[in-house]
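Notes follow the structure.
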Amino acid sequence: MDISFLESTALQMRRDILTMIAEAGSGHPGGSLSCIDILCALYFGDVLDYDAAAPQKEGRDRFILAKGHAAPALYATLARAGFFPVDELLTLRKLGSRLQGHPDPQLCPGVEVSTGSLGQGLSVGCGLACGLRLNEEDGCVFVLLGDGECEEGQVWEAAMFAAHQRLGNLIAIVDGNGLQIDGHVSEVCDPADIPEKFRAFGWQVSQVDGHDLGALVRVLGEAKAAGGDAPHLIYAHTIKGKGVSFMEDVAGWHGKAPDADQLAQALAELDACEVTV
Ligand SMILES: Cc1ncc(C[n+]2csc(CCOP(=O)(O)OP(=O)(O)O)c2C)c(N)n1
């Protein structure tokens with residue numbers, strides 16, 4: 001595994017995220033930057049089975065961005081993976097664009113499910129995983145949730161269902177950045193120990209540094225290869241706004257576009273990282 005390739009791809013996708021949100025004048029940088037290394041590991045670390053030239057290919061793995069407001073992270077990933085031209089990223093949130101504020105599978109190639117109303121993605125993932133199993137099809141279903149999203153009751157109904165149905169082909173990843181829209185997850189409505197709760201629901205659980213690309217590739221690949229008769233939860237410890245000093249761990253950057261000066265500073269910081277890679 002070429003980690004320096006993954007690192008420079010993740011850096012490029014961080015630039016993409018910030019540039020497209022600045023151009024749109026709105027969007028969600030914090031939660032896009034916290035999860036971009038997870039997406040990088042999935043799509044460029046040889047974990048997810050997909051074909052950008054044939055997005056509906058039979059037997060492919062499915063990826064669901066349950067925290068749909070992080071659409072810029074998904075769009076950057078899909079563009080860099082070849083699902084659509086990179087230039088199109090600058091149409092984010094514009095009238096007529098395929099890249100709306102939340103992902104739409106009827107518009108955007110590579111998007112599997114419409115998301116944005118938090119709490120629903122894991123339920124859809126359960127349905128897809130059941131369907132694949134019923135059809136005796138290959139393919140795993142990966143669902144990326146926010147830790148704030150885990151305050152939604154529907155997440156826990158889906159967690160119970162997945163364990164009951166023994167969905168070993170379902171892998172949920174929690175982007176554990178500790179923040180949601182209103183501040184600290186622990187202060188808004190504390191879900192407490194999310195990994196321990198999934199374990200209690202009957203899931204196979206692992207934890208990982210969500211910005212360590214090598215560790216992410218390993219743990220995601222292991223969960224996929226393991227299969228088994230219980231669903232998998234990977235709790236990724238992340239930092240909201242990761243990679244941009246003034247955005248890191250600041251709730252105010254949940255849904256705010258950088259202005260021209262802020263964008264320039266952020267891009268300069270990312271460029272400086274490239275040199276040290
Ligand atoms: C059902 C629902 N309620 C409220 C919102 C508004 N909302 C958008 S993002 C967000 C916070 C989500 O926090 P988290 O899942 O931790 O996302 P992250 O911090 O990783 O961006 C909220 C409450 C929503 N999209 N859906």
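All heavy atoms count here, side chains included; hydrogens, waters and symmetry mates do not. In this text, all values refer to a predicted model and were calculated from it rather than measured experimentally. Each ligand, and each atom within it, is numbered from 1 in the order the structure gives.
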Exercise. Parallel, tilted or perpendicular for F198 and W156, by the 30°/60° rule?
Worked result: tilted
Donor-acceptor pairs under 3.5 Å, side chain of residues 128-146 to any protein atom, not counting sequence neighbours: which ones?
| residue | atom | partner | partner atom | Å |
| --- | --- | --- | --- | --- |
| R133 | NH1 | Q165 | O | 2.6 |
| R133 | NH1 | R166 | O | 3.2 |
| R133 | NH2 | Q165 | O | 3.1 |
| R133 | NH2 | Q165 | OE1 | 3.4 |

Exercise. Heavy atoms under 4.0 Å from ligand 1: which residues qualify?
Worked result: G31, K67, H69, G116, S117, L118, G146, D147, G148, E149, E152, D175, N177, L179, Q180, I181, K240, H254
Exercise. H69 vs H254 aromatic rings, parallel, tilted or perpendicular, using cut-offs 30° and 60°?
Worked result: tilted
For this session: Can you label the angle between the F5 ring and the F44 ring as parallel, tilted or perpendicular, going by 30° and 60°?
Result: perpendicular
Problem set entry | Side-chain donor/acceptor of Y75 to backbone N/O of Q100, under 3.5 Å | yes
Exercise. Does the ring center of H211 lie less than 6.0 Å from the ring center of H237?
Worked result: no
